[in-house]
Amino acid sequence: SIQAGNHTIYLSIKTEKLNSFSRMFYQIDRLSSIVFTKKLDTKNIVSMERMFVHCDSLKSINMFYFNTENVKNLEYFMYSSINLESLKLPKSKASNLVKANYMFSECKKLNSIDFTNFIVDSNNLAEFHGVFQSCNQLEYVNLTNFNLQEVTDMGELFSDCHSLKSINFPDMKTNKLEVMNKIFYGCKSLKTLNLSNFNTENVVEMRFIFYNCSSLESIDVSSFNTKNVKNMNSFFYGCSSLISLDLSTFNTEKVLQLLEMFAMCTHLSYLDISSFSIKTENYFDIFDGIHSEGTIKLNKNIYEKIQKY
């Protein structure tokens with residue numbers, strides 16, 4: 001049965017023969033609350049893609065009884081539910097999850113997500129692009145219950161999360177990662193990050209990674225393997241609180257784009273790029289706006305390039 005009152009739905013229909021919840025509440029913009037009762041059987045559901053897209057009035061949702069064991073697709077799950085303020089994921093595993101792109105993207109008022117009892121132990125999760133993109137009020141994300149070892153794409157993961165102050169990543173390597181574009185783009189409240197578990201040896205795209213992370217005071221990227229990276233445009237653009245940056249372990253042999261890499265790092269007083277090899281002409285404004293009295297440690301290759309420029 002479905003009971004509705006004051007824009008609230010209590011859902012207790014029999015669903016044991018269904019295998020998809022895709023677009024179930026798609027664009028129901030007057031719905032303010034949903035309660036999924038114990039009778040709801042989701043053990044056979046393989047797709048919850050776009051399930052709550054544009055539920056513009058949704059403020060609360062109880063999914064305590066969800067069983068996500070067989071779900072493969074959670075793409076755009078809560079996309080643009082713009083009034084949802086908090087969310088607690090069910091006590092369940094997601095052992096078969098493959099796609100989670102834009103799962104909570106554009107939930108602009110979402111300030112907390114509780115993953116405490118939600119275990120993503122899938123060995124097939126590959127697509128993790130833009131999961132929290134533009135969650136403007138989100139302050140803390142704990143991903144320690146997520147298996148990210150097979151993920152290839154983390155582009156825009158926290159893009160424009162303006163209030164984000166802390167992220168806990170799982171204690172495991174990202175061995176298959178290829179795309180990191182805009183992963184922390186516009187995270188202007190982040191002061192520090194621990195990226196020591198990131199394996200970047202297969203990454204080819206690193207543009208705009210820390211773009212306008214204006215509160216970032218320190219960052220250790222010495223564990224980054226950049227031997228296959230082709231694009232580093234605006235890598236640290238606008239990191240105006242960074243004072244010191246050591247990139248002496250970076251390999252830039254394959255990099256084709258270095259435009260504005262350190263531009264507008266206005267307080268950067270020490271920069272070590274002595275390992276850099278610039279074989280491209282696309283490095284314009286690489287130091288634009290950085291500290292005029294700072295120290296930049298270069299090698300002969302870069303010095304000669306800059307002299308020509």
Side-chain angles (χ1 to χ4, degrees), residues 97-101 120-133 141-159 167-185 187 190 192-211 213 216 218-237 239 242 244-262 271-280 282-283 286 297-299 301-302:
L97 189 60
V98 177
K99 299 179 180 181
N101 297 328
V120 181
D121 58 352
S122 173
N123 290 318
N124 299 307
L125 178 59
E127 299 181 28
F128 209 60
H129 188 106
V131 177
F132 306 99
Q133 181 196 47
V141 175
N142 187 352
L143 295 176
T144 54
N145 287 341
F146 282 67
N147 180 355
L148 303 177
Q149 291 185 108
E150 299 298 315
V151 171
T152 59
D153 187 350
M154 285 189 188
E156 299 185 291
L157 183 57
F158 299 103
S159 176
I167 308 167
N168 278 0
F169 287 102
D171 186 19
M172 61 180 64
K173 298 293 184 180
T174 54
N175 299 325
K176 300 293 181 65
L177 191 59
E178 296 177 3
V179 177
M180 292 178 70
N181 292 341
K182 297 186 176 182
I183 186 171
F184 304 109
Y185 181 103
C187 291
L190 270 179
T192 186
L193 273 169
N194 182 356
L195 303 176
S196 58
N197 286 321
F198 272 65
N199 181 344
T200 64
E201 66 180 356
N202 295 309
V203 175
V204 295
E205 289 284 346
M206 281 188 171
R207 55 192 169 91
F208 298 98
I209 287 187
F210 301 108
Y211 186 95
C213 289
L216 195 64
S218 63
I219 183 70
D220 182 357
V221 288
S222 59
S223 63
F224 277 25
N225 183 335
T226 59
K227 66 179 182 179
N228 289 308
V229 177
K230 295 181 180 179
N231 194 327
M232 288 186 177
N233 281 350
S234 300
F235 198 114
F236 294 101
Y237 183 103
C239 290
L242 272 181
S244 177
L245 193 56
D246 184 351
L247 304 183
S248 59
T249 60
F250 271 34
N251 180 339
T252 61
E253 288 288 326
K254 293 184 179 180
V255 176
L256 302 175
Q257 300 283 340
L258 285 163
L259 301 176
E260 298 182 324
M261 185 172 181
F262 307 104
L271 173 64
D272 187 341
I273 52 173
S274 56
S275 66
F276 276 38
S277 174
I278 300 179
K279 297 182 177 180
T280 176
N282 295 318
Y283 59 91
I286 186 172
K297 193 173 181 180
L298 307 170
N299 58 38
N301 167 264
I302 302 176

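The analysis underlying the following values was restricted to heavy atoms, covering all of them including side chains, and did not include hydrogens, waters or symmetry mates.
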### Query
Hey, does the side chain of Asn225 reach the backbone of Thr200 with a donor-acceptor pair shorter than 3.5 angstrom?
no

### Task
Taking the side chain as every heavy atom from C-beta outward, state whether Phe276 and Phe250 have any pair of such atoms under 4.5 Å apart.
yes

### Reported NZ-to-OG distance for the pair Lys173 and Ser196, which is rounded to 0.5 angstrom
6.5 Å

### Query
Less than 4.0 Å between a side-chain N and a carboxylate O, is that true for Arg207 and Glu205?
yes

#### Entry: Backbone N/O of Asn101 and side chain of His129: donor-acceptor pair under 3.5 Å
no

### Distance-minimising heavy-atom pair for Ser274 and Ser248
OG-CB, 4.1 Å

### Task
Could you tell me whether the side chain of Asn199 reaches within less than 4.5 Å of the side chain of Leu177, counting heavy atoms only?
no

### Query
Just one of Lys254, Glu201, Glu178 clears the side chain to side chain donor-acceptor pair (under 3.5 Å) bar with Asn228, so which one?
Lys254

### Query
Judged by atom type as modelled, is there a donor-acceptor pair below 3.5 Å linking the side chain of Asn181 to the main-chain atoms of Gly155?
no

### Message
To the nearest 0.5 Å, what is the distance between CD on Glu156 and CD1 on Ile183?
### Response
11.0 Å

### Message
Once rounded to the nearest 0.5 Å, what's the spacing between atom CG of Asn299 and atom CD1 of Ile273?
### Response
7.5 Å

### Point-to-point distance, once rounded to the nearest 0.5 Å, from OH of Tyr211 to OH of Tyr237
4.5 Å

### Message
When you compare the side chain of Leu247 with that of Met261, does any pair of heavy atoms fall below 4.5 Å?
### Response
yes

### Query
Donor-acceptor pair, Asn197 side chain versus Thr174 backbone, under 3.5 Å?
no

### Query
Would you say the side-chain atoms of Thr252 pair up with the backbone N or O of Ser277, donor to acceptor, closer than 3.5 Å?
yes

### Query
Would a 4.5 Å heavy-atom cut-off, applied to side chains only, mark Ile219 and Leu242 as touching?
yes

### Task
List the steps, then state whether side-chain contact (heavy atoms from CB on, under 4.5 Å) holds for Phe184 with Ile167.
CA-CA 11 Å; Phe184 304 109; Ile167 308 167; 3.7 Å; yes

### Query
Nearest 0.5 Å, what's the CZ-NZ distance between Phe128 and Lys99?
15.5 Å

### Task
With rounding to the nearest 0.5 Å, note down the distance linking CD1 in Ile209 to OG in Ser159.
12.5 Å

### Query
Going by heavy atoms in the side chains, are Leu190 and Phe158 under 4.5 Å from each other?
no

### Query
Passes side-chain contact (heavy atoms from CB on, under 4.5 Å), Leu258 versus Met232? Steps please.
CA-CA 5 Å; Leu258 285 163; Met232 288 186 177; 3.9 Å; yes

### Query
Can you check whether Leu97's main-chain N or O pairs, donor with acceptor, with Asn124's side chain at less than 3.5 Å?
no

### Query
Looking only at heavy atoms, what is the nearest atom pair of Ser122 and Asn147, with distance?
O-ND2, 3.2 Å

### Task
Report yes if some heavy atom in the side chain of Asp246 is under 4.5 Å from a heavy atom in the side chain of Ser222; otherwise report no.
no

### Message
When you measure from the side chain of Thr226 to the backbone of Asn251, do you find a donor-acceptor pair of N or O atoms at a distance under 3.5 Å?
### Response
yes

### Task
State, with a plain yes or no, whether a side-chain heavy atom of Leu195 is found less than 4.5 Å away from one of Phe169.
yes

### Query
Is the backbone of Leu256 close enough, under 3.5 Å, to the side chain of Thr280 for a donor and an acceptor to pair up by distance?
yes

### Query
Is there a side-chain contact (heavy atoms from CB on, under 4.5 Å) between Val229 and Phe235 once you walk through the steps?
CA-CA 12 Å; Val229 177; Phe235 198 114; over 6 Å; no

### Task
Check Val203 against Met180 and note the closest heavy-atom contact, atom names and distance.
CG2-SD, 3.9 Å

#### Entry: salt_bridge(Lys227, Glu253) N-O dist < 4.0 Å
no

### Task
May I ask you to check whether over 12 heavy atoms, not counting those of Lys176, lie within 6.0 Å of atom NZ?
no

### Validation row: Phe262, Leu245 side chains within 4.5 angstrom (heavy atoms)
yes

### Query
Which pair of heavy atoms, one from Leu125 and one from Val98, lies closest together, and at what distance?
CD1-O, 3.4 Å

### Task
Take Thr249 and Phe224 through the side-chain contact (heavy atoms from CB on, under 4.5 Å) test and state the conclusion after the steps.
CA-CA 8 Å; Thr249 60; Phe224 277 25; over 6 Å; no

### Message
Could you check whether any side-chain N or O of Asn233 sits under 3.5 Å from a backbone N or O of Leu259, counting only pairs where one atom can act as donor and the other as acceptor?
### Response
yes

